Amino acid sequence: MATVTVKDFQVDYPNDWCPGCGDFGILNALQQALAGLGLRPHEVAVFGGIGCSGKTQYYVNAYDIHTLHGRLLPYAIGAKLANPALTVIAVGGDGDGMAIGAGHFVNAGRGNLDLTYILFNNEVYGLTKGQASPTLPLGAQTKSLPEPTIQSGINPLMLAMASGYTWIGRGYAFDIRGLVRLIQQAIRHPGLAFLEVLQPCPTYNNLHTKAWFAGKDRGGLPRYAPLEPSYDPVILPGTDEATLQARMAAFIAEATRSEEPIRTGVFWENRAVPSLGERLVQRLPNYLSEPPAKKAVADGHGRPVVDLEPLLAEVAIR
C-alpha cells in the first residue's frame with residue numbers, strides 16, 4: 001500500500017485567499033496532519049461554513065461539503081452519525097461559529113460525538129468587509145470599524161468547556177509544526193474536540209497582525225507560547241472530585257488570562273465521558289457494523305427499498 005503524503009490532500013487549482021491570510025497556515029497544517037495520521041482522502045470528510053474559512057474544504061482533497069450559515073456542526077454531526085468510520089472535520093470562522101452558529105456549538109457538546117471542530121479566529125467578518133466578529137474584545141477598533149466595538153468578546157475556550165467539549169485546544173495559524181500536532185491530537189481524541197486557531201486577517205484586522213503575534217514591535221519575542229510543561233489537562237475515568245475541580249480551575253485560569261504570552265496547546269482532555277457512538281452501541285448493538293450509511297436505500301434500478309408510508313401516517317395531521 002502506497003504511503004500517504006501531503007500531496008494526496010492538495011488540489012490542483014488556485015486559491016483566492018488574500019496574501020498573508022492565516023487561513024493558508026491552517027490549511028497547510030491540516031493537510032500535513034491528515035497525511036501524518038496515515039488517513040486517505042476517501043476516509044476524510046471536511047465540512048466548511050460561511051466566510052473566508054468556509055472555502056477551506058475546497059482546498060482539501062477529500063470529501064468536501066459547503067454548508068449553510070451557522071449550520072456547520074449539524075451537517076458534520078449527521079455525517080458522523082451516518083458513517084462512524086469516517087474522520088469528520090468541521091472548519092469554520094469565529095463569525096459563523098460564535099454568532100448565528102452559537103446555539104449549535106453549545107448543543108453539540110451534549111453528545112460528545114467523535115469529530116473535530118477547528119475554529120478560525122481572526123476577530124472580524126473577513127468576507128463581508130471587516131465587521132466586528134463575536135470574538136473581538138470590547139473597545140477594540142480595527143481599521144474597518146468606524147467606532148470601537150460596543151460589545152464584549154466571547155471566549156471560545158470557556159464556551160466550549162461550559163458546553164461539554166471533551167478536548168479543547170488553542171493554536172496559532174503560522175506555528176505550523178505546533179498546529180499539526182494539535183490537529184492530530186484533536187482527531188485522535190475519542191470524543192468531541194474543539195481547536196481554536198488564532199489567525200491574522202491582513203486585510204481588515206490591523207490590531208492583531210502577523211507581525212504583532214511575532215512580537216516584531218518588541219524585539220521579536222512572540223506573543224504566544226506553549227502552556228507550561230507542568231500543566232495537566234487530562235481527566236481519566238475515576239478521577240476524584242478534588243483533582244477534577246483543581247484541573248478545571250487551572251483551565252479557567254489559563255483560558256481567561258489577559259497577560260501575555262497567549263497560551264497555546266491542549267487545555268482540556270476529558271477521557272471520562274463516553275462518546276455518543278459508545279452510548280448508541282449500548283442501545284443499538286449493531287450500530288457500528290450496520291450504520292445508516294451502509295443500509296440500502298434503493299435497488300439496482302434506483303427504486304427506493306424503504307417504505308415511508310408508516311412514518312408518514314404516524315406524523316400526518318388529521
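This one's a predicted model, so the numbers in the text were calculated from it and none came from an experiment. For reference, positions follow the sequence shown, starting with 1.
Proximity of L27 to V60: side-chain heavy atoms (C-beta onward) are separated by under 4.5 Å at one or more points. Side-chain contact check for L39 versus V4: every heavy-atom pair is 4.5 Å or farther apart. Residues V234 and R271 have side chains in contact (heavy-atom distance under 4.5 Å, counting atoms from C-beta outward). Here the side chains of P137 and E123 are in contact, with some heavy-atom distance below 4.5 Å. Under the 4.5 Å side-chain criterion, counting only non-hydrogen atoms from C-beta, T264 is not in contact with L227. Between I183 and I118 the shortest side-chain heavy-atom distance falls below 4.5 Å. Between L136 and T142, some side-chain heavy-atom pair lies under the 4.5 Å cut-off. The shortest side-chain heavy-atom distance between L34 and V44 falls under the 4.5 Å cut-off.
Residue Y231 qualifies as enclosed at atom OH: its count of foreign heavy atoms under 6.0 Å is above 12. For K143, the NZ atom is densely surrounded, since the number of other residues' heavy atoms within 6.0 Å is greater than 12. No more than 12 heavy-atom neighbours from other residues, nucleotides or ligands sit within 6.0 angstrom of CD on E147. The environment of CD1 in I150 is sparse: at most 12 heavy-atom neighbours from other residues, nucleotides or ligands sit within 6.0 Å. Counting non-hydrogen atoms of neighbouring residues, nucleotides and ligands closer than 6.0 angstrom, the CZ atom of R247 exceeds 12 such neighbours. By the 6.0 Å contact criterion, CD on Q151 is open, its count of non-hydrogen atoms from other residues, nucleotides or ligands being 12 or less.
A donor atom on one side chain and an acceptor atom on the other are found under 3.5 Å apart for T166 and N112. Using modelled atom types and a 3.5 Å distance limit, the side chains of E278 and Q282 yield no donor-acceptor pair. Of the N and O atoms on the side chains of Q199 and D23, at least one donor lies less than 3.5 Å from an acceptor on the other residue. For the residue pair Y59 / D16, a side-chain donor-acceptor distance below 3.5 Å is found, with atom types taken as modelled.
Looking only at distances, a side-chain donor or acceptor of N155 sits under 3.5 Å from a matching main-chain atom of M158. Judged purely by atom type and a 3.5 angstrom limit, R223 uses its side chain to pair as donor or acceptor with the backbone of W212. With T243 contributing its side chain and T239 its backbone, the two residues share no donor-acceptor pair below 3.5 Å. In terms of modelled atom types and a separation under 3.5 Å, the side chain of E196 and the main chain of L157 share no donor-acceptor contact. A donor-acceptor pair under 3.5 Å is formed between the side chain of R218 and the backbone N or O of L221. Judged by distance alone, with hydrogens and angles left aside, the side-chain atoms of Y224 form no donor-acceptor pair with the main-chain N or O of E260 at under 3.5 Å. In terms of modelled atom types and a separation under 3.5 Å, the side chain of S53 and the main chain of F120 share no donor-acceptor contact. At least one donor-acceptor pair closer than 3.5 Å links the side chain of Q141 to the backbone N or O of L145. In terms of modelled atom types and a separation under 3.5 Å, the side chain of R170 and the main chain of G265 share no donor-acceptor contact. Of the possible donor and acceptor atoms, none in the side chain of D175 sits under 3.5 Å from a partner among the backbone N and O of L179.
The existence of a salt bridge linking R40 and E43 is excluded, since no basic side-chain nitrogen approaches an acidic carboxylate oxygen closer than 4.0 Å.
For residues 87-107, every residue pair satisfying the side chain to side chain donor-acceptor pair (under 3.5 Å) rule, not counting sequence neighbours, is listed here: D94-S133, D94-T135, N107-R110.
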Walk me through it: do F267 and F194 pass the test side-chain contact (heavy atoms from CB on, under 4.5 Å)?
CA-CA 10 Å; F267 286 70; F194 171 69; over 6 Å; no
Take L119 and V197 through the side-chain contact (heavy atoms from CB on, under 4.5 Å) test and state the conclusion after the steps.
CA-CA 6 Å; L119 184 82; V197 183; over 6 Å; no
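Checked against the 6.0 Å centroid criterion, the rings of F47 and Y63 do not qualify as a close aromatic pair. Remark: aromatic rings of F213 and F174 are distant, center separation not under 6.0 Å.
Between I168 atom CD1 and E254 atom CD the span is 13.5 Å, to the nearest 0.5 Å. In this structure, CG on D12 lies 8.5 Å from CG on N61, to the nearest 0.5 angstrom. Here the CG-CG distance, from L115 to L73, works out to 7.0 Å after rounding to the nearest 0.5 Å. Atom CG of residue N15 and atom CD of residue Q10 lie 11.5 Å apart, to the nearest 0.5 angstrom.
Because its NZ or CZ atom is not both nearer than 6.0 Å to the ring centre of Y204 and within 45° of the ring axis, K129 does not count as a cation-pi partner of that residue.
In plain terms, the two heavy atoms of G126 and C52 that are nearest each other are C-SG, 3.8 Å.
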